[in-house]
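Notes follow once the structure below has been shown.
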Amino acid sequence: MKKLLMMTAVVSVVCLAGTAHAVDSTGGCGLGSMAWRGQSGVIPQSLAITTNAWFSNTIGVTLGTSGCDPNGRVSGGTGRMTLAFLQDNMEQFAMDAAAGKGETIETLAGILNVDSDALGKEVQQNFAYIFPNDNVEAVDVALKVMEIAKA
């Protein structure tokens with residue numbers, strides 16, 4: 001009996017460690033992602049993925065419930081990478097966006113898998129939309145850039 005309990009504990013730890021990396025920290029969609037939204041760490045991520053496994057996400061994606069978008073794109077964390085990059089490079093991105101070219105635009109184009117010249121033109125033309133004031137948040141800039149890039 002002790003061996004069975006020990007084996008179950010070991011398998012559980014291995015499964016939890018393996019699945020924790022499979023959950024996008026943005027939460028994705030599904031009942032588990034909704035139930036554990038805003039929490040971080042291995043345990044909440046594992047609980048979210050387990051809950052999503054118990055309650056099929058197919059219904060959520062099909063009907064557009066539980067934070068799922070039937071027209072959504074599987075992005076593998078593109079939004080998270082865009083936000084992280086912009087949080088660290090907002091000032092330089094603002095200067096590059098005003099000019100329509102630069103390293104930050106090239107990097108974002110790589111993250112978003114779009115042409116850097118086209119992205120440069122778009123962000124330059126939409127500069128006032130992307131940066132409506134001096135206190136704009138990185139998350140707002142990231143959302144607008146992704147919208148403009150249609151990523």
For this session: Please round to the nearest 0.5 Å and tell me the distance separating atom CD of Glu147 and atom NZ of Lys150.
Result: 7.5 Å
For this session: Check whether Val139 and Ile130 end up in the same hydrophobic cluster, where Ile, Leu, Val, Met, Phe, Trp and Tyr are linked by side-chain heavy atoms less than 4.5 Å apart.
Result: no
Exercise. Do Met90 and Phe131 have side chains that get closer than 4.5 Å, going by heavy atoms?
Worked result: yes
For this session: Look at atom CG of Asn133 and say whether more than 12 heavy atoms of other residues, nucleotides or ligands are closer to it than 6.0 Å.
Result: yes
Exercise. What distance do Asp96 atom CG and Lys101 atom NZ have between them, rounded to the nearest 0.5 Å?
Worked result: 10.0 Å
Exercise. What closest approach, in Å, do Val136 and Pro132 show between heavy atoms, and which atom pair accounts for it?
Worked result: CG2-CD, 4.0 Å
Problem set entry | Over all atoms of both residues, closest heavy-atom pair of Leu119 and Ala149 | CD1-CB, 3.9 Å
For this session: Look up atom NZ in Lys144 and atom CG in Asn126, then write down how far apart they are to the nearest 0.5 Å.
Result: 10.0 Å
Exercise. Nearest heavy-atom pair of Phe127 and Ala94: which atoms, and what distance?
Worked result: CE1-O, 3.3 Å
Problem set entry | Shortest non-hydrogen contact from Ser116 toward Ile105 | O-CG2, 3.6 Å
For this session: To the nearest 0.5 Å, tell me how far Lys121 NZ sits from Asp115 CG.
Result: 8.5 Å
Exercise. Side-chain heavy atoms under 4.5 angstrom apart, residues restricted to Ile, Leu, Val, Met, Phe, Trp, Tyr: same cluster for Leu86 and Tyr129?
Worked result: yes
Exercise. Between Met95 and Phe85, is there a shared hydrophobic cluster once you connect ILVMFWY residues whose side-chain heavy atoms come closer than 4.5 Å?
Worked result: no
For this session: Find the distance between CG (Leu143) and CG (Leu83) and round it off to the nearest 0.5 Å.
Result: 8.0 Å
For this session: Would you check if the side chain of Gln124 reaches a backbone N or O of Ala98 as a donor-acceptor pair within less than 3.5 Å?
Result: yes
Problem set entry | Residue pair Asn89 / Thr104, side-chain donor-acceptor N/O under 3.5 Å | no
Problem set entry | Considering all heavy atoms, the nearest Ile111-Met81 contact | CG2-CB, 4.0 Å
Problem set entry | Close side-chain approach of Glu137 and Asp140, heavy atoms under 4.5 Å | yes
Exercise. Taking atom CD1 of Ile148 and atom CE of Met146, what is their separation to the nearest 0.5 Å?
Worked result: 12.0 Å
